[in-house]
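Here is the structure we will look at, set down as structure tokens.
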Amino acid sequence: MSVLDEILAGVAADLEQRMARTSLDDLKAQADRQNPALDPMPAFRADGVSVIAEVKRASPSRGDLAPIKDPAGLAADYAAGGAAAISVLTEERRFGGTLDDLRAVRGQVDVPVLRKDFITTSYQLWEARAAGADMALLIVAALEQNALESLVERARSIGLTPLVEVHDEEEVERAVEAGADLVGVNARNLKTLEVERSTFSRLSPLIPDGVVKVAESGVRGPHDVIEYAKAGAHVVLVGESLVKGDDPRASVADLVAAGVHPALQHRW
Ligand SMILES: O=C(O)c1ccccc1NCC(=O)[C@H](O)[C@H](O)COP(=O)(O)O
């Protein structure tokens, strides 16, 4: 079984339990009580490289990263440093996240919040909106094309901006076919879990003009922001280096400052 299949099996088992506890109608009622979702796209399309800063406790590739006792406080630091959005990993078994983390972050920051999880059902999209998310991750490798297309449509219909994640050429084609206007190239190979930053520069030219390109994984510091941006990234998504650093606010500010480097003025 691949790592992705193992993660998906655990996610499906946990989802079954939540579905037994909370009906879809209840989730929809909770979603109705939320403020309207925030649109991240204007900030992502603005000058400079936007930073999505991630709340990430652990990962399959690295094990425990940081205990993060106060996810809302961490998110507030990220936002104060200039993050355009906050990503919250809500997968429990391998990443140590929860939907409660997302609720706490939502209550603390005014920037858009991404539910980063392994979403295969519209129920999970409703959970995301009910917890206050503005965006939801859809991983092409985890979805048949029909399911991908219907989840992109469903996400939008409930106000969520879908971030459609790809790892190779075929997945780029599928994301475009599904009508994605926010595409994340994840440099982490799902088979080996190794980060290969060159994946972004290889796939970036295949993503049509007008689509916002997100470089996911492997940003160690400002230098990687500049390199991803030179290869066409409008947004970078950063987890490990931020949660392991001493000063998340300053670290995000350094990444944001790198994204307005004079060498990057050609981007849109
Ligand atoms: O991080 C992992 O080990 C991982 C393994 C399998 C699927 C997804 C995984 N990570 C999720 C992410 O996409 C990253 O958290 C995100 O891109 C940030 O990456 P990084 O800055 O390298 O922590």
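Counting starts at 1 for both ligands and their atoms, following the listed order.
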Measure the distance from [atom] to every protein heavy atom, then report the residue, atom name and distance (to 0.1 Å) of the closest one.
atom	answer
atom 21 (O) of ligand 1	Gly239 N, 2.8 Å
atom 12 (C) of ligand 1	Lys116 NZ, 2.9 Å
atom 17 (O) of ligand 1	Ser217 OG, 2.7 Å
atom 9 (C) of ligand 1	Phe95 CZ, 3.5 Å

*Heavy-atom distances under 4.0 Å are what count here, so tell me which part of Arg188 touches ligand 1: side chain, backbone, both or neither.*
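Contact part for Arg188 vs ligand 1: side chain (C-beta onward).
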
*Mind checking whether Asn186 contacts ligand 1 via backbone (N, CA, C, O), side chain (CB onward), both or neither, at a 4.0 Å heavy-atom cut-off?*
side chain

Given [options], identify the one with the heavy atom nearest to [atom].
atom	options	result
atom 5 (C) of ligand 1	Asp224, Leu193, Val55	Leu193
atom 16 (C) of ligand 1	Lys244, Glu54, Glu216	Glu54
atom 1 (O) of ligand 1	Glu240, Arg62, Lys56	Lys56

*side-chain hydrogen bond (donor to acceptor under 3.5 Å, both in side chains): which pairs involve residues 59-84, sequence neighbours left out?*
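Residue pairs passing side-chain hydrogen bond (donor to acceptor under 3.5 Å, both in side chains), neighbours aside: Ser59-Ser61, Arg62-Glu240.
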
_Val3 heavy atom under 4.0 Å from ligand 1_ =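 Checking ligand 1 against Val3, which is what was asked, there is no heavy-atom contact under 4.0 Å.
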
*Judged by non-hydrogen atoms, does Gly218 sit under 4.0 Å from ligand 1?*
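The answer is yes: ligand 1 sits under 4.0 Å from a heavy atom of Gly218.
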
_Salt bridge present between Asp134 and Arg115 (N-O < 4.0 angstrom)_ =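 Looking at Asp134 and Arg115, the cut-off is not met.
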
*What residues form a side-chain contact (heavy atoms from CB on, under 4.5 Å) with Ala75, not counting sequence neighbours?*
Ile86, Val105, Val109

_Polar proximity ligand 1 side, Leu190 side, N/O cut 3.5 Å exclusive_ = no

